Structure formats: C-alpha cells, structure tokens
Asks: 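Pasting a structure below so you can have a look.
What you are looking at is a predicted structure, and each value in this text was computed from that prediction instead of being measured. Here is the naming used below: chain letters follow the sequence lines, and residue numbers restart at 1 for every chain.
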Protein chains: 4
Amino acid sequence: MNIHSFSFFLFLKKKNKIMSKIDKREEIIKTAMELIAEQGFHGTPMALLSEKAGVGAGTIYRYFENKDVLIKELYNEIDKKFKAFLMENYPHERPVRECFFYIGKCIIEYFINKPLDFRYTEQFHNSPYGIEFRRNKLINLTGEDYFCRILFEKGREQQVIKTIPLVIFFDLAFAPIIWAVRDHILGFVTLDEDLKMQIVSSCWDSVKM
Amino acid sequence: MNIHSFSFFLFLKKKNKIMSKIDKREEIIKTAMELIAEQGFHGTPMALLSEKAGVGAGTIYRYFENKDVLIKELYNEIDKKFKAFLMENYPHERPVRECFFYIGKCIIEYFINKPLDFRYTEQFHNSPYGIEFRRNKLINLTGEDYFCRILFEKGREQQVIKTIPLVIFFDLAFAPIIWAVRDHILGFVTLDEDLKMQIVSSCWDSVKM
Amino acid sequence: MNIHSFSFFLFLKKKNKIMSKIDKREEIIKTAMELIAEQGFHGTPMALLSEKAGVGAGTIYRYFENKDVLIKELYNEIDKKFKAFLMENYPHERPVRECFFYIGKCIIEYFINKPLDFRYTEQFHNSPYGIEFRRNKLINLTGEDYFCRILFEKGREQQVIKTIPLVIFFDLAFAPIIWAVRDHILGFVTLDEDLKMQIVSSCWDSVKM
Amino acid sequence: MNIHSFSFFLFLKKKNKIMSKIDKREEIIKTAMELIAEQGFHGTPMALLSEKAGVGAGTIYRYFENKDVLIKELYNEIDKKFKAFLMENYPHERPVRECFFYIGKCIIEYFINKPLDFRYTEQFHNSPYGIEFRRNKLINLTGEDYFCRILFEKGREQQVIKTIPLVIFFDLAFAPIIWAVRDHILGFVTLDEDLKMQIVSSCWDSVKM
DNA sequence: GATGAATGAGCGTTCATTCAT
DNA sequence: CATGAATGAACGCTCATTCAT
C-alpha cells in the first residue's frame, strides 16, 4: 500500500460510488467547510459544492433541507466537536484561575489544529446567522458557555474576577485569544508555546481582580 | 427657511436631480453604507442602492468601477473619518498609558455614535476583502495603525508594555473593545461611562508590563 | 374482529409490506387519484405519491411505465367505473327521452358522490392528455359514448332530437350537467333532487325537437 | 418591399433591439399566449418564452413580477378584450331574448376568431388560478358577468327565464357554447352560421320559461 | 454626463427516473 | 420483486453590469 494505491482507492471512491450513506454526509460536510472557509458562503454555490464533494446536486438536499440549514448544521458540528474537546479534561474542581487557563489553552490548541473550523466559525459568527445564534446563546447558555458562566460566577463570588457584566467578561477573556488564533492562521504571527501562554495569561490579567 | 422648505429642497434633490457631482457620490456612499450595514453586501443589490440613493443604476458605475471597488472605497471612507477623529486631539506628547487610554476611549466613543460605520466595518473585515486588506495594513502601517505602532514601540522601549509581537499587542489591546462595542450595538450590554473606562483599563492591564 | 384489529391490519399493511401485487397497484391508483384531484398533476411528485401510498419510489415504475402512463391509466380506471355504473341499469328498451334522463341523472349522481373522480377527470380533460384522448374517442366511440351515439341516432330517426351533429348533441346534452356538478363540488350551488331534475330537463329541452 | 425585405426587418427587430418598451411587453404577452395555449403552463418554461419572444430572461420580470402574475395578467388581457367586444354593441334596451342571442353569438364569434385566446382561457379556468378567479367572480360580478346577471334578473322578473339559481343559468346558457367552440377549434366540428344559430337557440330553449 | 431598460450567466432548488442492494 | 438513495437536467428567478438614448 503506497501513495499510488491510495489515490486509486480515492478514484474508486469518487467514480464507482462506493461511498456509504454516512460517507456522503461526511463528504458534503467536509467539502462545504473547506469551500466556505476559503470562499465564504456566497463564494460557495451548491453546484460547486456538489461537484467537489463528488455527489449529485440533488443529493445535498437529501441530507440538508436547504443551504441555510446546511450552514447552521455545519456550525453545530464544529461547536459540538469543540465542546467535546473542551469538556474532555475540564478541571471542574480546580481553582478559577486554573480553569480559565485551561479554557484559553483549549481554544488556541483546538482551532490552531483545525484552521478550517476556525475560519468557518468566524464567517458564521459574522453573518445574519451569527447574530441570531448569539442572541439565543446569551439567553440559554449551554456547553462551554455554561462552563464559562459557572466559572464567571464562581470567580465573582471568590472575588478573583472583576465586577463586570458576563458579556464583558467574555469579551475580555476570549476576544484577544480568538484574534490571535486568526492572526496565526492567516500567517501574521506564529503562536509558539510561550506566546500562547503569554496571551492567555494577559487575558487573565484583564479579568482578574 | 423652515422644516417645510427643507423638505421641499430634499424633494427637489431626489426628483429634479439637481445633485452636483459631489452630492451624487456622497449620496451613493451614504446610502450604500446604510444598506450594507443593515442588510449585508449580498442583501444590497445595486438596483436597490441606486433607487434609494436617487440616482440611475448606471450612474454608480461612473463613480465606482464595480461593486467590489465601491465596497472597498466605502471602507476607506470610514477608516479615514475614524483616523481624523482619532488624530484630532491625539496626545502625542503624553505618556504611553495615557495615549493608550485615549485610543481606547476614542474607538468606543466613535463607533457607539456611528453604529452603521461599525457594522459596516465588521462586515468588511469579515470577508475576502477584509483579509486582503489586513495583509496590506500589516505590511504598510498608516494612520491610526501607525500611531499604534509608535505607541507600541515607545511602550516597549520604556518597558511599560509586555514583550510581545506587535500583532498580539493589537489583539490584546483592541479585540475586547471592539467586541464590547458590538455587544453594545446589538443590545447585549449597555456601555455607560464607568463600564467603558473599566474595559479600556482592563485592556491596559493585559498589555502593561 | 373490531375496529382495533382492523387498524392493526392497516398498520401491518403499511409498515410490514404485506400488500399483495394487486393491493399495491390499487393503493397507488387510489393515492394518486386523491393527490392529483386535490393538488393537480404538478402538485403531485412521484416521491410524495410513493410515500403516501406506502410503497417504494421505484415500485411505482413496476406498475406504470412512467408518470404519463400512470395519469392515463388513472383516467381509464375512472372511465371504466363510470361506464359500469351507467350501464348497470341502462334502460335500453325505453324511449329516447327516458334514456336521456337516465344518463343525465347518472352523471350527476355518480360524480357528486365521487368528487375526486370528478376533479381528476376535469384535470385530465384539460391537459395535453385530454385533447389526444378526445380525438381518439370521437373516432372510436365506446362504452357510454357508444350508448350516446346509439341514443342520438335513434332520437334522430324518431325525430325527437334536433338535426345537429353528434358532437354538438354531446355539448348541448352534457356540458351544462358537467358544469353544474363542478359548481356543486366547488360549493357555488347545492344540487338537490329538484334542481338535478331541472338541469337534466333543461338539457333535454335544448336537444329535443 | 417583398417577403425578403420584411424578413430582414424582423431580423433587425430581433437582433438590433429596436423594439420599444410597449413592443416588448406586447411581444411577451403574445408569445406567452401562443406557447401556453399550445403547450400549457408547465410546458412553457420562462426560458423558452424569453427565447421565443426575443428578449432576455430577466426582461420578462421587468414587466411581470413572476410567472403566476404573468399568467393572471394574460387572462385579464383576454377578458378585457372580450368584454370590450361584447359591450361594444350590446343591445341594452332590447328584450331579454335578443340580448341572450347577442351574447351567445358574441362568444362564438370572438373565440372562433381568436383560438389562442380561447385555449388560453380554457387552460386558465381549469387550474388553481381559475378556481380562485371564479370564486371572486361570483362574489363580485363585473363586465360581461354583470350584464348576464342583469339579464338573468330581468328575465326572471319578466318570467321569460326559468326559476333557477344564477350559477345554473350560466351553466345552461354558456357551457354548450363554450364546448362547441372548443370542438370547432380542435377540428371536431365546423361551426357555420346556421349551426352557430342553432346552438345559441338551443341554449335559449334550455333556459327559457 | 446621466439614465434605466435590457441582459444572461448563475443561483438555489425540485423531481421523474434509475439501479445497486 | 421491492426499495429508496442518488442523480442531474431543468426550473423560476436575481442582479451586476452594459449601452442606446
């Protein structure tokens, strides 16, 4: 088994339609994420998506009601995966500061290794979908957001975090991290281990009491 | 001159086409910004723009080569206005910390009062245009960015700012402010004077040595 | 055997696919008629039909070559049933007038009780299929049409029916009845026994010598 | 000026875009009516229509909001023209019987000379549009329908018309005429002057007291 | 210079039909 | 035989751009 035989397998996969049902859905999701991350929602016509994913145009609509639903579903997939990653080793019982650093490192680690997920997420957040989504999120915090709120409230109670609104806490804590990840992905800076730590640490400086 | 005669003037302006060349360009820019800020690039067809601006569809193309150019030009207009605002009373001779606070307050003040400019800017930054633009900016710092670099370098030299890359300095210093303004505009939080100060101050905490 | 066990049978029929070959064909025909009568040919995708009929999409094509054939077949089914109804007690030996009244009453009775059949028929007649069909019918009169021709010729011979072409006889005799049934089904009028008689009688007035 | 130079003119008309605004709308209406009359609503894609009409695909949408609107507008055009024809010499002051004959003759005359209008009308009436339309018409009678109602009421009052609902009067009076026109247009019969008179006369027989 | 009617490529989506299972 | 996932041509419609007036 070498690179050539693997290519030949891919050839079969595309041409001989040996993709299973799950394969198809996965292929669509993967291709859509790549295309949208790189070209944006409007730079990714369904026809291009179907072509690159190696499926018929109508096939996409078996898995996703329409383009909007596909876009939201894609975001949910990323969100779910990230939350799972975050919660896997979350140090629930450790001090607020340690939890804060854990979250910051997770965000950086996860998205630096999944640049497509990151760029997709950025596009999503900055779009009509994103605003609607954000509104719902603030009303009904779940997953990592729920952790963050707990963290925030615990920090407030213990007087280790400043007296600020939750929303502002999010902004101070995570905005620089997100921007730094973006700059890393776009090649404007390289985040080594020291720098990562420095960034998270600086964010902590901005919220700690 | 009363409200009625002014309305009549507007009527003439739209219906009798007595707009001068400069008027036309201004009208197009103003209308485009409003529409795009509210509906997005793709929710703003050129036909709608020309209608709302009170000019012919073809006329837009006399002032802007195509839609892309118009979009970039619009951004430059905002950028120019913001820079002018920022530089107007910039305390060049004062300490780094004071300059930093001045910039932070300026960003908040300016964009809270110009939510359309803010929303336009956000849309722009998060689009193919934005990335291209950002790349150019980092290579060739101008205006407020130039100030910021000077500030950063001065801060480094005086050992009042952490030893971090310039890009990361930007992220730590301004990302939370931008996000907070966004949350204010979207109604997720209300930035009063105390809170504004607290945010800028927290950003300073994150970059100061 | 009670209502519950019958429901259970239906459940089996749909879910466990114990429908026989004839059951399947019947189910497709019945469902297709309902759907098309209510939604029209173009409001009835094959996928919807297969779903509502409880069969696979491909299965329909084992019984009907394609959608066109299905549509024509459906019409033939209705036509056959109506002819059977008409011929069941047809008073062959009675006077022309009596036969005429019998046919008129039959049309009203049959279609008022089978509004789906009526609406299907109307849709069919008014479509490319309908014209083609009508052409064939006039060349080769069969069933009720054959009766009608016999009736017409007998009426002519006995000088109880006007000297008009057969086609015009059909128009005078049946058009008002069909239209009246349509108005009844659409709820624009209610045909009680008196009114039914009055309509048929009026049609007779228009063809009688 | 001969056939060739005329063809050349048509060539210019199509290729050099010398059609005026009104020409374009007319061309679209004319072409749409031809195509739909012959192929049906669903046999007439907008692309085919635009091609045959010699206009761009988008141009149709400058004149008609969408296909549905186009279809209804087309019907209204026919309806308007027919009403004008009918009302032109309508013998308002003459006896009911004479008015009845006038209307019958008008229907036959008009639609025999405009077979496309007739076939279009038939398609329209037998479609979701038609039913909606008919419902409105019965509620709010206008134009020829209004005349007919007046005629009906006058006839009732003078006891020259049977005691039947208005709707049934319409059915008896006009259904055979419409069907006969259809048969003429489809070539199943030829309506000469005698036959036309005989049909209208027979319809009168069916409604007269 | 200004206009806006006209354009047509391109979009998201549907659905009759096929064919591997 | 029956299935239903997959297909892709075709649909109605949009909109950035052009160009005759």
Asks: In whole angstrom, what separates K24(A)'s NZ from dA6(F)'s C1'?
Replies: 6 Å

Asks: Which whole-number value in Å describes the distance from I60(D) CD1 to dC15(F) P?
Replies: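 Rounded to whole Å, this separation is 17 Å.
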
Asks: Using heavy-atom distances to pick each residue's nearest nucleotide on DNA chain E, tell me which of D68(C) and H42(A) is more 5'.
Replies: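 Between the two, 5'-proximity favours H42(A).
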
Asks: Within less than 4.0 Å of OP1 or OP2 of dA6(E), is there a side-chain N or O belonging to Y63(D)?
Replies: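 So the side chain of Y63(D) is within the cut-off, an N or O lying under 4.0 Å from OP1 or OP2 of dA6(E).
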
Asks: May I ask you to check whether Y75(B) and F133(B) place their ring centres under 6.0 Å from each other?
Replies: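 Yes.
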
Asks: Of all the nucleotides listed (dG12(E), dG1(E), dA2(F)), which has the minimum atom distance to the side chain of R62(C)?
Replies: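 It is dA2(F).
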
Asks: Around atom NZ of K81(C), are there more than 12 heavy atoms from other residues, nucleotides or ligands closer than 6.0 Å?
Replies: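 Yes, NZ of K81(C) has more than 12 neighbouring heavy atoms, counting only those of other groups under 6.0 Å.
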
Asks: My understanding is that a pair needs two contacts under 3.5 Å, Watson-Crick or G-U wobble. By that rule, which nucleotide pairs with dA20(E)?
Replies: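 dT3(F) is the nucleotide pairing with dA20(E).
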
Asks: Look at the side chain of T59(C) and decide which nucleotide, out of dA2(F), dA16(E), dA6(E), has an atom nearest to it.
Replies: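 The answer is dA2(F), which lies nearest to the side chain.
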
Asks: Starting at CD of E51(D) and ending at P of dT7(E), how long is that distance when rounded to a whole Å?
Replies: 13 Å

Asks: Let me know the distance between CE of M46(A) and C1' of dT7(F), rounded to the nearest Å.
Replies: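 That distance rounds to 15 Å.
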
Asks: Specify the separation, in whole Å, of atom CG of L70(C) and atom C1' of dC15(E).
Replies: 15 Å

Asks: First locate atom CG of N76(D), then atom CD1 of I71(D), and finally report the distance between them rounded to the nearest 0.5 Å.
Replies: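 Output value for this atom pair is 12.5 Å.
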
Asks: Could you work out which one of dT17(F), dG12(E), dA16(F) sits closest to the side chain of P45(B)?
Replies: dA16(F)

Asks: Between atom CD in E65(C) and atom C1' in dT18(E), what is the gap in whole Å?
Replies: 14 Å

Asks: Using heavy-atom distances to pick each residue's nearest nucleotide on DNA chain F, tell me which of G56(A) and K67(B) is more 5'.
Replies: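 Between the two, 5'-proximity favours G56(A).
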
Asks: If only atom types and distance count, is the side chain of E73(C) paired as donor or acceptor with the main-chain N or O of F64(C) below 3.5 Å?
Replies: no

Asks: How many whole angstroms separate atom CD1 of I71(A) from atom C1' of dC11(E)?
Replies: 13 Å

Asks: Could you tell me the separation between the CG atom of D23(A) and the P atom of dA6(F), rounded to a whole number of Å?
Replies: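 My rounded result for the distance is 10 Å.
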
Asks: On DNA chain E, nearest-nucleotide positions of N66(A) versus V55(D): which is more 5'?
Replies: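 Going by which nucleotide is closer to the 5' end, it is V55(D).
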
Asks: If the plane angle is over 60° it's perpendicular, under 30° parallel, otherwise tilted; pick one for Y129(A) and F41(A).
Replies: perpendicular

